[in-house]
Novice: 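Next up is a structure, given as structure tokens.
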Amino acid sequence: MTKATDSPQPPEALTRWYTRYSSPVGVLYIAARANAIVGIWYEDQAHFPLPHELGGLVENPGAYLRDHGTPEDDEPAGEYAAAQLLELATVQLSEYFARKRTSFTLPLDPEGTDFQLIVWEHLKTVPAGYTTTYGDISRAVGPGAPAQAVGQAVGRNKVSIMIPCHRVIGADGSLTGYAGGVDRKQFLLDLEEPEEVREARLF
């Protein structure tokens, strides 16, 4: 993950591309640099990215890769590698929504403050089928990290689903807020519910 205060990087390292992916929870905007996924946002969510956070549009990463052959083709620096990551992201998300995948194996590198990066890194340790609370995260990333600050960092998560901020609930079990909307949060939690739990509720 990248600190927002890191020293300037070469222009090619900052170049981004994005694609749009139609999912069961609406259109997702997936952004990547040549070496990592940097963001996944819902089309209508709070804190939607600015244009420079998205970069150039790759309408169909799979078609792009078929048409352009190899990374050595005369293309903008990093675009081919970014398209590969965007294609892999759509494949893994499709597997996730089909209940064939519970975790993701792509490199993730969102930009954020030191504290946000610590919170987002902790979120990645919460497995599918489980939830955590703001207080639990506060104690884990502390000492002394206020739950309110944790909530703000969770709400600013830039890689929805792959960094699973939807698995954070209130201490009383309530869903609380979610940048993509509480209905989407409930959908994702239901999707991740273990099969044995789903079956037990049916009888």
Novice: Are V154 and I169 connected into the same hydrophobic cluster when the rule is that any two of I, L, V, M, F, W, Y join if their side-chain heavy atoms are below 4.5 Å apart?
Specialist: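 As far as the 4.5 Å side-chain criterion goes, V154 and I169 are not connected within one cluster.
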
Novice: Answer yes or no: is there a side-chain heavy-atom contact under 4.5 Å between L28 and R20?
Specialist: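 Sidechains of R20 and L28: no contact.
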
Novice: Kindly write out the residues that satisfy ring-ring contact (aromatic ring centres under 6.0 Å, His included) with F48, not counting sequence neighbours, or none if the list is empty.
Specialist: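 With neighbours one apart ignored, the set is Y29.
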
Novice: Counting N and O atoms only, with roles assigned by atom type, does the side chain of K185 sit under 3.5 Å from a partner on the main chain of V168, one being a donor and the other an acceptor?
Specialist: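 Between the backbone of V168 and the side chain of K185 there is a qualifying donor-acceptor contact (under 3.5 Å).
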
Novice: Looking only at heavy atoms, which two atoms of Y96 and L188 are closest? And how far apart?
Specialist: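 Y96 and L188 have their closest heavy atoms at OH-CD2, 3.7 Å.
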
Novice: Would you check if the side chain of Q45 reaches a backbone N or O of Y42 as a donor-acceptor pair within less than 3.5 Å?
Specialist: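 Indeed, once roles are kept as given, a pair shorter than 3.5 Å links the two residues.
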
Novice: Just by modelled atom types, is the P61 backbone N or O under 3.5 Å from a matching donor or acceptor in the T19 side chain?
Specialist: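 Side chain of T19 to backbone of P61: no pair is present.
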
Novice: Show the numbers, then the answer: is there a side chain to side chain contact (heavy atoms under 4.5 Å, CB included) between L54 and W17?
Specialist: CA-CA 6 Å; L54 289 172; W17 292 269; over 6 Å; no

Novice: Would I30 and V91 show up in the same hydrophobic cluster when neighbours are defined by side-chain heavy atoms closer than 4.5 Å?
Specialist: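 Different clusters: I30 never reaches V91 through Ile, Leu, Val, Met, Phe, Trp or Tyr contacts under 4.5 Å.
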
Novice: For N157 and I163, indicate whether the former's side chain and the latter's backbone hold a donor-acceptor pair under 3.5 Å.
Specialist: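 Yes, because the side chain of N157 sits within donor-acceptor range (under 3.5 Å) of the backbone of I163.
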
Novice: Do F115 and V150 have side-chain heavy atoms sitting under 4.5 Å apart?
Specialist: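 Contact flag for F115/V150 side chains = yes.
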
Novice: Please report the interatomic distance CH2(W120) to CG(L108), rounded to the nearest 0.5 Å.
Specialist: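 Between W120 CH2 and L108 CG, I get 11.5 Å after rounding to 0.5 Å.
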
Novice: To the nearest 0.5 Å, how far apart are CG in L106 and CG in D109?
Specialist: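 That separation rounds to 13.0 Å.
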
Novice: How long is the straight-line distance from CG of L123 back to OG1 of T125, given to the nearest 0.5 Å?
Specialist: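 Reported to 0.5 Å precision, the distance equals 7.5 Å.
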
Novice: With no hydrogens and no angle check, is any side-chain donor or acceptor of Q92 less than 3.5 Å from a backbone partner on A89?
Specialist: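 Looks like no, no N/O pair under 3.5 Å.
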
Novice: Specify the closest pair of heavy atoms between R99 and L191, including all atoms of both residues, with the distance to one decimal.
Specialist: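 The pair with the smallest heavy-atom distance is NE-O, 2.9 Å.
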
Novice: Tell me, please, which residues at least two apart from R156 pass salt bridge (charged side-chain N to carboxylate O under 4.0 Å, His left out).
Specialist: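 With sequence neighbours excluded, R156 shows a salt bridge (charged side-chain N to carboxylate O under 4.0 Å, His left out) to no residue whatsoever.
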
Novice: Please answer whether the main-chain N or O of A31 pairs with a side-chain N or O of R16 as donor and acceptor at a distance below 3.5 Å.
Specialist: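 Such a contact is absent between R16 side chain and A31 backbone.
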
Novice: If I compare all heavy atoms of E53 with all of W41, which pair ends up nearest, and what's the gap?
Specialist: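 In this case the closest contact between E53 and W41 is O-CH2, 4.0 Å.
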
Novice: May I ask you to test the L85-P107 pair for a side-chain heavy-atom distance under 4.5 Å?
Specialist: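 In contact.
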
Novice: Can you list everything that forms a side chain to side chain donor-acceptor pair (under 3.5 Å) with E95? Sequence neighbours excluded, please.
Specialist: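 In terms of side chain to side chain donor-acceptor pair (under 3.5 Å), with neighbours along the sequence ignored, E95 is linked to R101.
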
Novice: Using a 3.5 Å distance criterion without hydrogens, assess whether the side chain of Q186 forms a donor-acceptor pair with backbone atoms of D183.
Specialist: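 Not at all, since once roles are kept as given, no pair shorter than 3.5 Å links the two residues.
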
Novice: What is the distance from atom OH of Y64 to atom CG of L57, rounded to the nearest 0.5 Å?
Specialist: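 Rounded to the nearest 0.5 Å, the OH-CG separation comes out at 12.0 Å.
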
Novice: With hydrophobic residues grouped by side-chain heavy-atom distances under 4.5 Å, do L189 and I161 end up in a single group?
Specialist: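 Cluster IDs for L189 and I161 differ.
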
Novice: With a 4.5 Å cut-off on side-chain heavy-atom distances among I, L, V, M, F, W and Y, is there a chain of contacts connecting L117 to I37?
Specialist: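 Yes, because L117 and I37 connect within a single hydrophobic cluster, where side-chain heavy atoms sit under 4.5 Å apart.
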
Novice: Of all the heavy-atom pairs spanning C165 and Y178, show the shortest one and how long it is.
Specialist: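 What the structure gives for the nearest pair is SG-CE1, 3.6 Å.
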
Novice: Measure across T132 and D136 and return the closest heavy-atom pair with its distance rounded to 0.1 Å.
Specialist: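 Scanning both residues, the minimum pair turns out to be OG1-CB, 3.3 Å.
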
Novice: Tell me the closest heavy-atom pair linking G129 and P194, and the distance in Å.
Specialist: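 In terms of heavy atoms, the two residues are closest at CA-CD, 4.1 Å.
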
Novice: Between K158 (side chain only) and V38 (backbone N and O only), is there a donor and an acceptor less than 3.5 Å apart?
Specialist: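 Here the side-chain-to-backbone pair does not exist.
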
Novice: Checking the side chain of E87 only, and the main-chain atoms of G62 only, is there a donor and an acceptor separated by less than 3.5 Å?
Specialist: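 A pair under 3.5 Å: yes.
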
Novice: Do Q116 and T113 have side chains that approach each other closer than 4.5 Å (heavy atoms only, starting at C-beta)?
Specialist: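 Result yes, sub-4.5 Å side-chain heavy-atom pair found.
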
Novice: Classify the side-chain pair Y21/S94 by whether it contains a donor and acceptor separated by less than 3.5 Å.
Specialist: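 The answer is yes; a qualifying pair exists.
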
Novice: Between R167 and E192, does a salt bridge (charged side-chain N to carboxylate O under 4.0 Å, His left out) hold up when you go through it step by step?
Specialist: CA-CA 10 Å; R167 297 175 192 158; E192 295 174 353; 2.9 Å; yes

Novice: With hydrophobic residues grouped by side-chain heavy-atom distances under 4.5 Å, do Y134 and V126 end up in a single group?
Specialist: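 Different hydrophobic clusters.
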
Novice: Name the orientation class of the two ring planes belonging to F187 and F97 (parallel below 30°, tilted from 30 to 60°, perpendicular beyond 60°).
Specialist: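 If you compare the ring of F187 with that of F97, the planes turn out tilted.
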
